[in-house]
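Computation of the quantities below employed the complete heavy-atom set of this structure, encompassing side-chain atoms and omitting hydrogens, waters and symmetry-equivalent molecules.
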Amino acid sequence: GTVFSVTISLAAKSRPARLSEVVGQRHATSVLLKALQKGALPQQILFSGGSGLGKTTLARCVAAALLCESPVDGDSCGACQSCLDISTPSRIHPDVVEFDAASNGQKEQIKDLATRAQTAPQRGTHRVYIIDEAHGLSREGGQAFLKLLEEPPPHVIFMLATTDPEKMLRTNRSRCVEFELTRPTDTELAEHLVRRQSDQRVLRHLAFPVGIVLQQIRQLLRPPLRRH
């Protein structure tokens, strides 16, 4: 219906592609931007928090900033080939690998990941691995992954995302710089939407509560995992 179609349009336009566009996670984005500006991004990063908070999206924003061809104050430009390859669902960046630990978390699969991690970047100087559902690693898989976290190849950045950090091996979690994401308030979401001129015109003419749109946007902003 009308609500759903407008919601899809707003969500598609509002999903952040740059760190400066992320809503409600200032405690994480400010630290990450400073690290990127200094060329001191940690090689092991963990994003934790409930479903739909944008953990994987934030990881992609960090990857875009790190691999951007023309970064602006540590953030991605959003327009170069590298940025577009990361932000466009139909495109793939050769140096950004997304890995679902819930379905690929056994020891042998992690050993294969370790082998692949030795591969040099095809572009630039880094290769990024986004590990979704990090708590889904088996015990043996987690132990194998610990070796990677302790001694990652110099060109590799690991970014883990989990809804349940307590289920991760304590040693793995302790090796990461952790950012616990929080749910943006409706005010923060609404202010973000109305900052976009085209979205502002849409919102002014909606004949239904904005709260309904915001609720659906929360669901739609959670991106699907892109597998290589």
Which value, rounded to the nearest 0.5 Å, describes the distance between [X] atom [atom1] and [Y] atom [atom2]?
X: L67; Y: T125; atom1: CG; atom2: OG1; value: 7.5 Å
X: L46; Y: E180; atom1: CG; atom2: CD; value: 10.0 Å
X: R18; Y: L33; atom1: CZ; atom2: CG; value: 9.0 Å
X: S138; Y: K107; atom1: OG; atom2: NZ; value: 9.5 Å
X: D95; Y: T119; atom1: CG; atom2: OG1; value: 10.0 Å

Contacts of type salt bridge (Lys or Arg N to Asp or Glu O under 4.0 Å), residue [X], not counting sequence neighbours:
X: K111; answer: E108
X: D164; answer: K167
X: R123; answer: D85

Please name all residues satisfying side-chain hydrogen bond (donor to acceptor under 3.5 Å, both in side chains) with Q122, sequence neighbours left out, ordered by chain then number. none

Which residues pass the side chain to side chain contact (heavy atoms under 4.5 Å, CB included) test with [X], sequence neighbours left out?
X: V177; result: P42, F179
X: T182; result: Q25, H27
X: A102; result: D100, E133
X: A63; result: I86, V96, V128, M159

Using the rule that two of Ile, Leu, Val, Met, Phe, Trp, Tyr join whenever any of their side-chain heavy atoms come within less than 4.5 Å, decide whether V72 and L19 are in one cluster. no

Between N172 (side chain only) and G142 (backbone N and O only), is there a donor and an acceptor less than 3.5 Å apart? yes

Within the side chain of K55, is there an N or O that forms a donor-acceptor pair under 3.5 Å with the backbone of G49? yes

Using the side chain to side chain donor-acceptor pair (under 3.5 Å) rule, collect all pairs that involve residues 71-82, keeping only residues at least two apart or in two chains. S20-D75, S82-H93

Suppose the criterion is side chain to side chain donor-acceptor pair (under 3.5 Å): which pairs have a residue in residues 29-48, not counting sequence neighbours? S48-E178

Any non-hydrogen side-chain atom of [X] less than 4.5 Å from a side-chain atom of [Y]?
X: E166; Y: R173; answer: yes
X: H135; Y: T163; answer: yes
X: N104; Y: L113; answer: no
X: C61; Y: V22; answer: yes
X: F145; Y: L169; answer: no
X: R183; Y: L53; answer: yes
X: I110; Y: F99; answer: yes

[X] versus [Y], closest heavy-atom pair with distance:
X: L84; Y: G78; value: CD2-O, 3.8 Å
X: G74; Y: A65; value: O-CB, 3.4 Å
X: A17; Y: A64; value: O-CB, 4.2 Å
X: T56; Y: A161; value: OG1-CB, 4.4 Å
X: A134; Y: A101; value: CA-CB, 4.0 Å
X: L58; Y: A28; value: CD2-CB, 4.4 Å

Any pair with a residue in residues 103-133 that passes ring pair (Phe, Tyr, Trp, His ring centres under 6.0 Å), sequence neighbours left out, goes on the list, sorted by first then second residue, please. Y129-F158

Residues 140-156 vs salt bridge (charged side-chain N to carboxylate O under 4.0 Å, His left out), sequence neighbours excluded, gives E150-R175

